[in-house]
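Notes to accompany the following structure.
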Amino acid sequence: MSAKQVKDTAQEIKEHPMEGLLRMDRMPHIWCSTCGLGTTVTALATAINQLGLDTNKMAVVSGIGCTGRVAGYLKLDSFHTTHGRALPFALGLHISRPDMKVIVFSGDGDLISIGGNHFIHTARRNVDITVICVNNFIYAMTGGQVAPTTPVTAKSSTTPYGCYEHPFNLPRLAASSGATYVARWTALHIRRMTNSFKEAIAKPGFSFVEVIAPCSTLYARLNRLGTGLDLMKFYHDNSVIKHGIEPKDADIDFQSKIVVGKFIDIEKPTYIECLNDANKHVFGDKYKPYGGSDGSY
Amino acid sequence: MSAKQVKDTAQEIKEHPMEGLLRMDRMPHIWCSTCGLGTTVTALATAINQLGLDTNKMAVVSGIGCTGRVAGYLKLDSFHTTHGRALPFALGLHISRPDMKVIVFSGDGDLISIGGNHFIHTARRNVDITVICVNNFIYAMTGGQVAPTTPVTAKSSTTPYGCYEHPFNLPRLAASSGATYVARWTALHIRRMTNSFKEAIAKPGFSFVEVIAPCSTLYARLNRLGTGLDLMKFYHDNSVIKHGIEPKDADIDFQSKIVVGKFIDIEKPTYIECLNDANKHVFGDKYKPYGGSDGSY
Amino acid sequence: MKADPRNVLTGANYLDGNHASAEGAIAAGCKFFAGYPITPSTEIAERFARRIPLLGGVFIQMEDELASMNAILGASWGGLKSMTCTSGPGFSLMMENFGLGIMLETPTVLVNVQRGGPSTGLPTLPGQADMMQARWGSHGDYEVIALAPDSPQESFELTIHAFNLSEKYRMPVLVMTDECVGHMTEKVIIPPAEEIELVERKYTDKKPGEAWPYESTNGDIAPMLPVGKGYKFHVTGLTHDYRGYPVINAEAQKLKVKHLVDKINKNVDDIIWIEEKDTDDAEIVMLSYGISSRVMQPAIARARKEGIKVGQIKMVTVWPFAEKRIAELAGKVKSLIMVEMNYGQVFLEMDRIARGRCKTYLAGHAGGTVHKPEDIYQIIKEAAK
Amino acid sequence: MKADPRNVLTGANYLDGNHASAEGAIAAGCKFFAGYPITPSTEIAERFARRIPLLGGVFIQMEDELASMNAILGASWGGLKSMTCTSGPGFSLMMENFGLGIMLETPTVLVNVQRGGPSTGLPTLPGQADMMQARWGSHGDYEVIALAPDSPQESFELTIHAFNLSEKYRMPVLVMTDECVGHMTEKVIIPPAEEIELVERKYTDKKPGEAWPYESTNGDIAPMLPVGKGYKFHVTGLTHDYRGYPVINAEAQKLKVKHLVDKINKNVDDIIWIEEKDTDDAEIVMLSYGISSRVMQPAIARARKEGIKVGQIKMVTVWPFAEKRIAELAGKVKSLIMVEMNYGQVFLEMDRIARGRCKTYLAGHAGGTVHKPEDIYQIIKEAAK
Amino acid sequence: MKYWRTPLDIDKLKIPRGELHIIKERCKGCGFCVEYCPKDVLELSDEFNSKGYHPPVAARPENCVNCDLCEMLCPDFAIYCTRVEDEKEVAR
Amino acid sequence: MKYWRTPLDIDKLKIPRGELHIIKERCKGCGFCVEYCPKDVLELSDEFNSKGYHPPVAARPENCVNCDLCEMLCPDFAIYCTRVEDEKEVAR
Amino acid sequence: MAVTEIRITGFGGQGVILCGYIIGKAASIFNDQHSTLTQSFGPEARGSACSAQVIISGERVLYPYVTAPDILIAMSKDGYLTHKDKIAEDCIIVYDKDLVKLEKHGPKVKTYGVPATRIAEELGRKIVLNIVMLGFFGAVSEILPREALRKAVETSVPSGTEGLNLKAFDKGFEYGLSLKKETVATA
Amino acid sequence: MAVTEIRITGFGGQGVILCGYIIGKAASIFNDQHSTLTQSFGPEARGSACSAQVIISGERVLYPYVTAPDILIAMSKDGYLTHKDKIAEDCIIVYDKDLVKLEKHGPKVKTYGVPATRIAEELGRKIVLNIVMLGFFGAVSEILPREALRKAVETSVPSGTEGLNLKAFDKGFEYGLSLKKETVATA
Ligand SMILES: Cc1ncc(C[n+]2csc(CCOP(=O)(O)OP(=O)(O)O)c2C)c(N)n1
Ligand SMILES: Cc1ncc(C[n+]2csc(CCOP(=O)(O)OP(=O)(O)O)c2C)c(N)n1
Ligand code: SF4
Ligand code: SF4
Ligand code: SF4
Ligand code: SF4
Ligand code: SF4
Ligand code: SF4
Ligand SMILES: [Mg+2]
Ligand SMILES: [Mg+2]
């Protein structure tokens, strides 16, 4: 048998294929066992690798949350801002450096609860930012409180007897606000998710990918759903792929089928294109298309 | 000829049929000549009168703006809060007094720009509040800045060369967030608007009526659209009634047809119904349905 | 008015400061809690959410802190005792509408479980560096009431006290605790309901049509108008007159701001609650509040054992500041030492009031943990020189 | 570095303070303005919006003030000079993320055109009651730089100065003006571009892989890292080390907070800019800033005419406070008088520093209009007794 | 509160008639009432009120059918119409 | 960066083979890799790492086809697979 | 007069502020004086009372607000009524004849009426009433050179409207000149 | 001992805090002492190091944190390594045998190992490992009456799980007793 012995020495850390995109000096990360976040990060790193983009010209911005910690682990120019404010920070960064790809990596609470206003407005403006939202149906970082995504009857530390608020359907909200690319996958749809990330990053305009991911420590535990592994399986097995479906038909109920797929992929001028077109129209040749900071300041 | 001479004496002020619902001690109001706000207020007062509700048990909450001043003129328990925050204040008021009808009267900037997050979340929760948004396509109170409703190419003091941001379609945003009643009229659709106000107030749940109204001093002037009267006519003449249309087909462009009508009217349990149902389910008879403050404190 | 026995968990409980705060609020009759999670305050909300359904109240987790602050104002006007809790970042976000509460003269309670700042700082570790923000964090002139518990027991008691003060002075009241107290678990003795005295809200006794929402000036407290009873009153965050109607001029401004400031300044003797020990013969007086007032004690004990005459004042109310008493002491003692977990905040007020009549010292700390008693001791030694 | 002539409207202009601020920003090379309208500040945004398209920059009206504050931080990291403007209510909303700017050590400029508060207050009338909020409005410990112009001319100049200080000290800098100055139109002389000195941002000269974003402590200013150049750095609002990585403990907290505070405290001599007049022989020194420092002059002139030896200090930088000089004067003069349009804010700091060595007076005002010179005069008379 | 009324006596056609009340000082001369009166009852006057606006006058009061449109459209609560009791009877 | 490869030499079927690398100390024993390995290569070991987790071992390493699924799913960047150069030739 | 205080009063939309701006600019930029323009308007919105205040001085203006104006320009009845009693003893009142009905004033007060709204309406744009008033004010007050005011008008109105506005200015000025002549004649 | 300082260390999810809570409650509520429990956990999230600290005293506890624990309960290697050197001279170390490999300690330090995770796994719920540790700690430390600890367990665990937890407690306690006996026997 020519198979070599499995190596398991820590010396080989340097060879992990994602290491170029990860801050190895910060490993191990803080995420729990069977948390879906690490998997989603791998998918993003893979997407970036596969796109072959200049990683010097990419930035990631996060708010606060377990998901928000992504900015601390990805080896790009990376900004860990305040809770809910990743998008406006990213908008400023994007406008100042339109030549860079800006990715916002945010949790469901961060992005849609406290950050909800920025979400709808940045989408409305069709700002060329890629937004990845890890929806674990809960506020994980702070210990398992209800989120605007928590399905009805699901338990959280602030809905100890079961949630009774109607949740958002994030793809629908994104689409209604103006997003030009909208997709949803579970964390186990690893290759499809990676592909969506690639499409979203390549897309000029506001692109949004929701990733349904297990929070083992809080969501799974509070709802007696087993481990994150069970949840990972559960989400995947209970999902149906429906590309191009009307987002409003993609509501998520507790423990019922999760519709996944690419829902929206349309063309619409981005914020900066609109800005340049409008000014060109008004000022003619006097106007030099806006190009942002040349990076030299 | 038996027609009497037209009376025009100020003594008769007391007889104006709306006076029971207006704070006459605050007249004249601050709104400009040919502003559409007064007309909208009359429609609301008429709706309240026609519904025959106990006006002791109604409250109106506004944020800041020309529209926000409505709370100061309607003779109900009325709260002029801070810019953008009418909805959460109203939510607290409503939950504390579920027996009362709470109406939020808000401008497009107040409600959807700075207040956008509260808008989508209060709609999501289907809180039993009636929201009237006077959309004049601009920030009027502060002197005519761009709003998230300003149509592309329209001028404002902060888009002096024409707006280039994609605007929101408010009915679509409301519907996507969870509103159970959604309608839009122009200020000149006086009887239809009144009727929608009646339906919206009667509706249990989050009801939303958008009123397209002229701002003569700023929007009309900055865009050389004549007087408020011209604009009033313009909006009305350029509108088409399409009841039940998908809200996403009701985008507004600058100077193109405005789709008006009742778009959404669905049944869904309200926030307090959900709360009571959930707790009843968990606690059974131990749970007394939540009834709020009895008003005696 | 006595507390309702259904709301009171009478007996010996083993609770952390946050859970104790929640029990205090419930005992005080709080029926509406609008909050947004933030470490290290969230347990207050969580306990309230768990306890309130069978007590006839509502917990709602709002979309953010701005919404939370406004919701509790709305609910208070609607006739429910209401509260929220937060920590530094959320406290900053609440500041605009805390000001609305001040301006509308709305009773409500806000608990800030302080952590290390600025910005996201140290979410899980203590600080006391929001004390000046508590005093000055919203725009414009106004005065505040801020209490600081040093233990779960006091978290329970001062939360009730905060509700009482909020009704008495018709304003939002702050409980400024910190991560150490909030996450410290100790025995909390909850007395029987009949031993818990509550301040009832005062509503007008005038008839609709005759009553206005702000019928008092110069710091006198006007009774509130109830909603839904035909008063059809109006209130606004704009500068307003006794009718609640906006009046945009300097005279109205003077009347209103003076009233807001006088409410506190004229009642300092009623509001201020400080606890003194060994100040009679003291040459050095240590001032502190909250957890720091507790941590300084081993250092004081050591110093006294060595014969240094150290007295101490624990400020239960930090704002308004006990100006009169401190001024008096400044004229008598050799040194005043402020012990607080920040770079010198309440210290500034002590220092000002000392007017150079004694030496003043700051025993400060950047936060992240409490002072080492040793460090405080060294400052006492220094001050005793 | 000199200003770019394309950005400078050299010559005599008739501008109000707000338009002058906008011109100052443009002259300073500001290329990104994210704002949210609010009376009485909006004209700054409006002018910027009108002027910038042909100058290669962007104005964006954000959805709210929280977004505005964050957007300018993002743009600053992206390499553009950025700014926002607001007034009281918006200032309160910006406080959380002003703290982020402090923590990330991000150069940017925030102009607060003060109006009467608290809450919505007096939108169209002046106040100076956000001065302590400027100092303490965000949670946690930190120091700020706040400038106060007294005229459109100074609005122009101090906005440029604010940009310079923000780059020099790598932090957000506040321009605390007010409605009166903002809406007051006067001649503004704008010098030729080559007479306008600008501070260039300092970027690291180390190579990617070798450089970290916070390679300094104790108040030394570390050069920034540019984005998009392969540094792949990380920054966070959590307490962090020189690498920008979060470190959640008391030691890291001490290092970081001390650094933030030292940045200012060690450089007060460079930062503080006060203008003295007649202080040499003065028995009474009047302190003031912004519009109040101007309004007090007729009163001072009148008093001097009557032989009262009144000197004056106009504080161009209000924060950091000119502690050294004021302490010096307190030891020499009979009285210090603070003239400000609030109920006593910066006064508290003056009073503290006086340490009882001279009498201190507050010439305060609730806002809504400026002081009557007569009222100030009466206080001088009182102080001269 | 007014509703549309059904004629009680169908033998006689009652033409509803209205009496107009104009509160000149409140009027801001917007012209909504003039423009949208279905019976063309109103005209803007030449007169200025103290704010400098031209309030309307009922140029053809006899035509008023008490439809309330002017009242509902007036943004300044400056005009309203009451029902005239002595209605004109018209033979069928 | 790895892509699915098309066999170059179609006469011989190259079964892609992988060499597994497990960084035990980083592993949090979630079992994703074990569960989703299409070739059932992995098992959780009995061993504890210093955090108290059981890292996987390659129980059937010869079955590994270098599909990378374990690598992509691992939330802790604790496992990866490299292509083994000396591929086994299989007669068609 | 070392210091001249001017108050212009009217309601929103009448161009009260612009009128003040032009006066201040004429003094400051085209007549080498110091001037400070401040404004006060109603509760943020248009349509309510509004007033502009200009102080012209040989030295830097320190106190920015008008206390007792030497000149009151009244474009609305409300504005006139609000401010009519807070004026200098020898105040010059310049008002729109059709909008403002004068009340009794002290003996030293001089008053000059002009049908500015009507003149503006005749010019086809009611909006230039403020510039008509301004011209009229220039002629009757004589505190600033006509050319300084004209230049200030020219450089302050929206581009494209200079002609109309200068015409309005001249109309007002001429009206003022002839009125002055009359007054002198009848004096 | 007037004051006993105890540190419990492990990682998130192991129930470290609950373990401390039960000890503190046993002392405070069921043994008429004062006790203060504080906790420190990693950067907000689970999965990282976490520790609980209990101070038991006859008087009110003033300084709330442990400085040099008299007892160290170690449920993870990381936790043990982090805290092993900051202990009292005569500290009692109680540790999970399978998770923690002891290093060298001073002569006065007493150490007691228990295969708590394995015992918990045998009981069918790995999650009760903290209660096994607790029982074991109770037996070997002898600072609190067994009954006080049992009552504290009973009133602190989620309702419905009392039986399992008491079983876990007793298992740990018994293991501790027999180990103690052994130690005494070999001593
Ligand atoms: C202003 C403010 N409010 C609250 C918090 C506390 N906080 C931190 S993370 C978080 C929620 C995280 O939830 P989510 O965004 O869903 O991320 P997850 O942890 O689930 O990945 C909250 C409320 C904060 N840091 N700042
Ligand atoms: C926190 C805060 N930001 C900004 C403002 C200033 N402000 C007052 S009203 C307003 C916008 C009003 O626009 P809209 O809601 O559309 O009402 P409108 O005046 O058009 O009726 C703004 C920005 C404020 N009062 N508070
Ligand atoms: S708490 Fe939940 S979301 Fe956070 S790291 Fe753990 S499993 Fe993941
Ligand atoms: S500014 Fe516009 S919205 Fe405001 S009152 Fe005037 S016309 Fe109406
Ligand atoms: S009531 Fe009708 S008919 Fe009569 S004046 Fe008014 S709009 Fe015209
Ligand atoms: S609608 Fe009202 S305000 Fe307008 S012209 Fe008629 S009466 Fe006057
Ligand atoms: S690479 Fe594929 S086949 Fe090989 S161990 Fe990983 S998952 Fe299994
Ligand atoms: S997926 Fe990674 S962390 Fe999970 S068991 Fe496998 S190697 Fe360990
Ligand atoms: Mg989440
Ligand atoms: Mg609007």
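In this text the structure is predicted, and so the values were computed from the model without any measurement. Letters A, B, ... are given to chains in the order of the sequence lines, protein chains preceding strands, and every chain is numbered from 1.
Listed options N112(D), L66(D), I102(D), N249(D) were ranked by heavy-atom pairs under 4.5 angstrom with chain C; first place goes to N249(D). In terms of heavy-atom pairs under 4.5 Å with chain C, the best-connected choice from S92(D), G367(D), P246(D) is S92(D). If you tally non-hydrogen atom pairs under 4.5 Å between each of L122(D), L104(D), V257(D) and chain C, the highest count goes to L122(D). Most heavy-atom pairs under 4.5 Å with chain D, from the set G101(C), S138(C), G90(C): that is S138(C). Per-residue heavy-atom pair counts under 4.5 Å with chain D were compared for D351(C), T236(C), L93(C), N97(C), and the maximum is reached by D351(C). Heavy-atom pairs under 4.5 Å with chain C peak, among K256(D), H139(D), M94(D), at H139(D). Contact count versus chain C (heavy atoms, under 4.5 Å) is highest, among A252(D), G99(D), G88(D), G368(D), for G88(D). Chain D forms more heavy-atom pairs under 4.5 Å with one residue of M103(C), M95(C), Q128(C), M132(C) than with any other, namely M132(C). Listed options N342(C), T239(C), D141(C), L100(C) were ranked by heavy-atom pairs under 4.5 angstrom with chain D; first place goes to D141(C). Your options are S87(D), G117(D), A366(D), P89(D), and the one with the most heavy-atom pairs under 4.5 Å with chain C is P89(D).
To the nearest 0.5 Å, atoms OH (Y36(D)) and CD (E65(D)) are separated by 6.5 Å. To the nearest 0.5 Å, atoms CZ (R357(C)) and CG (L329(C)) are separated by 10.0 Å. The line from CD of Q114(C) to OG1 of T86(C) is 11.5 Å long, rounded to the nearest 0.5 Å.
Counting only heavy atoms from C-beta outward, the side chains of L125(C) and T369(C) never approach each other to under 4.5 Å.
Under the side-chain contact (heavy atoms from CB on, under 4.5 Å) rule, R135(D) has a single partner from V144(D), V318(D), D130(D), L174(D), which is V144(D). Applying the side-chain contact (heavy atoms from CB on, under 4.5 Å) test between V339(C) and each of L287(C), V370(C), I379(C), I376(C) identifies I376(C) as the sole match.
Interface residue K258(C): backbone and side-chain heavy atoms are both found under 4.5 Å from chain D. Heavy atoms of T360(C) lying under 4.5 Å from chain D belong exclusively to its side chain. Looking at Y142(C), only its side chain comes within 4.5 Å of chain D, counting heavy atoms on both sides. Interface residue L260(C): only side-chain heavy atoms are found under 4.5 Å from chain D. When heavy atoms are compared at a cutoff of 4.5 Å, L255(D) does not approach chain C at all.
Using cut-offs of 30° and 60° for the angle between ring planes, the Y245(D) and H234(D) rings count as tilted.
Contact check on K266(D) versus E143(D) returns no salt bridge, with no Lys/Arg side-chain nitrogen under 4.0 Å from an Asp/Glu carboxylate oxygen. Under a 4.0 Å N-O distance rule, the pair R352(D)/E349(C) does not qualify as a salt bridge.
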Original post:
Should Y289(D) and E340(D) be marked as a side chain to side chain donor-acceptor pair (under 3.5 Å) after you check the CA-CA gap, both sets of side-chain angles, and the distance that decides it?
Top reply: CA-CA 7 Å; Y289(D) 53 89; E340(D) 54 181 346; 2.6 Å; yes
